[in-house]
Amino acid sequence: MGDQSITNLFESQTIFADHKDLIHDVAYDFYGERMATCSSDQYVKIWDSDNKGGWRLTGSWKAHHGSVWKVTWAHPEFGQVIATCSFDRTAAVWEEVGDTNSSGSEKGLRTWVKRSNLVDSRTSVTDVKFGPKHLGLLLVTCSADGIIRIYEAPDVMNLAQWTLQHEIPTKVSISCLTWNPSMSKINPPMLAVGSDEPNTTNAIANVQTDKSTACNGKVFIYEYSEGSRRWTRTDCLSSVLEPVNDIAFAPNLGRSFHLLAVATKDVRIIKIEPIVDWNNPNSTNGGGRFKTEVLAAFEEHFSCAWRVSWNLTGTLLASSGDDCCVRLWKMQYLNQWRCVAVFKNEPMAGDSPPLVRPHTAYMRMATMANPAHMPYH
Amino acid sequence: MNTSNQGSSFSRGNNTQADSNTKTFVLPDKCFEQRAACVFRSGNKFSIYPRSQTVSKAPVSIDNKILDVRQDILLFIPILRKLVNESNGTYISLQKAAEAAKTTDNQVEFLKLSRQYRSIIRVCIESLQESAAMEQDGVKKCNLLSYITIFYSVECIWHLCEILYIDNIPGDVVLPFLLEWVRFHFPCHEQTAAQMLEACERGSEDHPEYWDTVIGMIVQGRVDVARALMKLHSSVDSNEFKLVDNSLRSMPVYSVYGGISTGEFTISWKHWQAECRSKITSRVLTSQPKLELIMKLIIGDYAAFESIRGSYSSWFDLLGGWVMFTAPWTRRHELGAPAAACAGMATPTHAPRTHLDQMVRALLDGDLHQVIHEIQQISDNGWFATHLTDILFHCGKLKILDKHQNNVTARLRDSLILEYGCLLMEHKSLWSAGLSYLGSCPPEGLRRAELALERMPIETEAKAMRVIAEAKKYGLNGVVRTVCACASSRLLRAGRIGGALTWGTRGKHGAACGRAAHAALRQYAARGELPAQDALLTATPAMLPHHPLLLAVKYSDFHRLYKSREFKKAGKLLVSLITSKLAPDYFWETLLLDTLPLLESDELIFSSEDTIEIMLCLELKSSNLSAEKADLLRLAAVRNLARASLADEDNSNSE
């Protein structure tokens, strides 16, 4: 009858990023049609999809005076806007100027203008993220000295003006943060942050002196209270005790709970379910705000996981770690999670196929099961 | 494409079997040896890049590459477009039929739809065959052939499923249907038989395939054809031939409507078999080994069946004959044992068991759980699993329990449909079909549709309108708002204020309208010409009180009145704009200066009350004007106040 699974499962194409140093982050815009990359070479590059599967470099500029850690896109409702953060202690907001529809700019690079430089941090700014669009144009940064800053652009037509709305000290080094994307009115605005503070005795002592953090977890949940107009720490996930490298909320899909992926010594998926107090829905009674549950902890990356990323609908999670593998995890219909694919660098028999042009067509990816099989066009 | 397939795989008890399905892929570049990171794009596309956690001490020259990875999706090849679209139509009809079936029995309708699905697959196979025949390129041809194999198995399994679960079989006696299935999917010797019968020559035994064909017809249950072929043998008049022909002719055939009970039939059938058996034991056929083989086959002799197994590529070929000659009254859910018997026959080549084998076995065993698990492994991107599970679910034939014995059938069906719907959403023209799958799976389907739809790349205005129309169809008003706001924002940044305003009002998006209105007012304040007059005059700001759009609309109305020299009305409107204090700071100067020509016109426009209001606002907002302009206005206002007071005096006197 022949082989029914003859087709390969994935195909790939290589883009030559042309950064002069290590790449730290790659981010796609809302539609997945534009890509921003940033690097230790202090440059940010913008790539546009040519709709034929290729990528065209349309922007490249020196953005900071230090390694650029993260790059992130604003919702397109606010224009073509990105934010970057850097070792140089600043975060910056950039806007593409000129008619983005005009074909005249095809020849050269488009112009990106620095609209704002956020210089409040006194240490390296480790992460930057735009808020969910229903909250307006918000930007949150975190830094190595543990301060979370929330900025707002009151007039979205004027990106030069950002007001520092909130400054939240955490007393531990913060490496990453994520907004809860839930649009539901029931959930107040929510942020999760991860700390990469090493577990020295000193750090623990530090944490314990702070009354509100009588917990040596590494993931903190902050929520905004409309009443007090303040962000307060409403939970600290006691299940994560090792330094955290990346953190990401899954799209909510109208669920009553939130899913948080955490890259720490393993890849974790944590279910966070708000406990609704019907008598007093606005109260935040100490640690009893959420019921949290570790749904999965994958140790396949050996010592350390570095990155987690959800797909659009939150059904697939990609993770990477010290083993230099990328794994895809998938939720099945009975809510168990399972690894469905592993991408790894394995010396193959012979050289890898030569990839000459920057915009080659997609190539089939070879599976490990059959090392003699070479990818072909 | 396995991520989707495996997505809804089953775990029975524990997950130990799961790991064997994990596929490992080679990253083609050395730069991923030291470090790798990943980020999702849209759909099932993501990229892998060599991310570093640390800063290098000195800038190092690194071969930095980003690997764009996407799923290879078979269904997206153009030739399968028709399959996707047509099956979508059938799927939608099926959902309607299922809705109707809640009140009445709708089994006939389900059967009709199942046949429709199968004919869609067959058309698809035909078009694949056509293009495979035309294809010159070796690799492409090979691919097309493998697609044919895939859909061929799909149709084969679907057909069997239809017989076993969807079709209405009288008395559940499956034999005629099973024989039809075997003949249809495993046509062996049929052509040779037809040729021989057409030639109608005596002495056809010289044909090298003569006996294979006769026996082939026997195991396919075509006894009449076999007998006709035997008549072409040169020694047909011999006793042996007569004897066998007689046995074949007298074989009792069971029919539900035959008027005899199963019991009676069984007795006569057993009697007939005993007679046949006695003929073999009487050794009258020893001189004709082929005839003896036929006799052994029709009494259901296992060794005889096993001896011819090698002539057939699979055990399915023998299944119909085996059932026919061992237990023709077999009901459709009793096929497990005959299947085990046939599958167990030794083959001379020891061909490995194929995937199709496993699927057919599971199906005949009645293990639908396993069937769905197996068909998810087919590389059809879940097309088959989704549609088959859906139809079985609606027929009420599917019951799947988790380890706590909860019925999770609906969850399984939903998860497959959601997965398939999301997959189609990734395609630039199949997305609306995808939407209909997601729409049939509320509430999660609609939430997923929302996420995918608002991220649909909008290249043209027409595309935007299509996305909006589809979103409205499913009540996804959030998507309408987002698409409009983004279109509005894009146009606004391109300086096209009118377009931005139109999109903002189309999406009833307050913020977007506001931005466009502000831009219009600012531009007027700066350049003295009001942009987007048409859009402003047609906009309906009624829903937006205290909004910059209201100001912009009213202000453009003021311009219209002024131009048509309706100064009184224009003046009234202008005063209402000033007194409402809607204007942002940058626009006060414009508003106030607009009073100047009206204050100084020959005709008296503003009453004394109006003039006093203007003077009041002028003093309140004087910081927005230069002192010179303010003085000019003050002078004009005072003069007008004098005129107006005199006129008031006259009026009161004349009363």
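Chain naming here is simple, since letters A, B, ... match the order of the sequence lines and numbering starts at 1 in each.
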Which bit of [X] is near chain B, if near means a heavy-atom gap under 4.5 Å: side chain, backbone, both or neither?
X: A:P251; result: side chain
X: A:H134; result: neither
X: A:N311; result: both
X: A:D25; result: both
X: A:Y28; result: side chain
X: A:M35; result: side chain
X: A:S39; result: neither

Structural part of [X] lying under 4.5 Å from a heavy atom of chain A:
X: B:S313; value: neither
X: B:P457; value: both
X: B:C38; value: both
X: B:A452; value: both
X: B:L492; value: side chain

Between [atom1] on residue [X] and [atom2] on residue [Y], distance to nearest 0.5 Å:
X: B:L67; Y: A:I15; atom1: CG; atom2: CD1; value: 8.0 Å
X: B:C486; Y: A:K133; atom1: SG; atom2: NZ; value: 7.0 Å
X: B:D72; Y: A:S12; atom1: CG; atom2: OG; value: 11.0 Å
X: A:E33; Y: B:R41; atom1: CD; atom2: CZ; value: 6.0 Å
X: A:W47; Y: B:D68; atom1: CH2; atom2: CG; value: 11.5 Å
X: A:Y31; Y: B:R455; atom1: OH; atom2: CZ; value: 9.5 Å

Report task. Test B:R493 against A:E95 for side chain to side chain contact (heavy atoms under 4.5 Å, CB included), laying out the working first. Result -> CA-CA 11 Å; B:R493 270 156 241 272; A:E95 187 178 20; 2.9 Å; yes
Report task. Compare every heavy atom of B:F40 with every heavy atom of A:L317, then report the nearest pair and how far apart it is. Result ->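 Here A:L317 and B:F40 meet closest at C-CE1, 4.2 Å.
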Evaluate the side-chain proximity of [Y] to [X]: yes if any heavy-atom separation is below 4.5 Å, no if none is.
X: A:L22; Y: B:N64; value: no
X: A:K344; Y: B:T24; value: yes
X: A:H75; Y: B:S489; value: no
X: A:L312; Y: B:S42; value: no
X: B:E450; Y: A:M183; value: no
X: A:K330; Y: B:E419; value: yes
X: B:R448; Y: A:T315; value: yes
X: B:V69; Y: A:F343; value: yes

Report task. Determine, stepwise, if the pair B:V408 / A:Y333 fulfils side chain to side chain contact (heavy atoms under 4.5 Å, CB included). Result -> CA-CA 9 Å; B:V408 291; A:Y333 77 108; 3.8 Å; yes
Query raised in the report: Taking every heavy-atom pair that is under 4.5 Å apart, which of B:D357, B:L451, B:L145 has the most such pairs with chain A?
Result: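 Of the candidates given, the most pairs with chain A belong to B:L451.
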Query - Side-chain donor/acceptor of B:R447 to backbone N/O of A:G254, under 3.5 Å - result: no
Query raised in the report: Between A:S320 (side chain) and B:A36 (backbone), is there a donor-acceptor pair under 3.5 Å?
Result: yes
Requested in this report: Give the intermediate values and the outcome of side chain to side chain contact (heavy atoms under 4.5 Å, CB included) for residues B:S415 and A:M331.
Outcome: CA-CA 10 Å; B:S415 83; A:M331 187 172 76; over 6 Å; no
Query raised in the report: Charged N to carboxylate O under 4.0 angstrom, A:E77 versus B:R490?
Result: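 Looking at B:R490 together with A:E77, the answer is no, because their closest N to O distance does not fall below 4.0 Å.
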Query raised in the report: Among B:H518, B:R522, B:R515, whose side-chain contact (heavy atoms from CB on, under 4.5 Å) with A:M157 holds?
Result: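 For A:M157, the side-chain contact (heavy atoms from CB on, under 4.5 Å) test succeeds with only one of B:H518, B:R522, B:R515, which is B:R515.
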Query raised in the report: Listed by chain and number, what are the ring-ring contact (aromatic ring centres under 6.0 Å, His included) partners of B:Y49, not counting sequence neighbours?
Result: none
Requested in this report: Run the numbers on A:V326 and B:F46 for side chain to side chain contact (heavy atoms under 4.5 Å, CB included), then give the verdict.
Outcome: CA-CA 11 Å; A:V326 171; B:F46 62 100; 4.3 Å; yes
Query raised in the report: If you count the non-hydrogen atoms of other residues, nucleotides and ligands that lie under 6.0 Å from CZ in A:F30, is the total more than 12?
Result: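 Yes.
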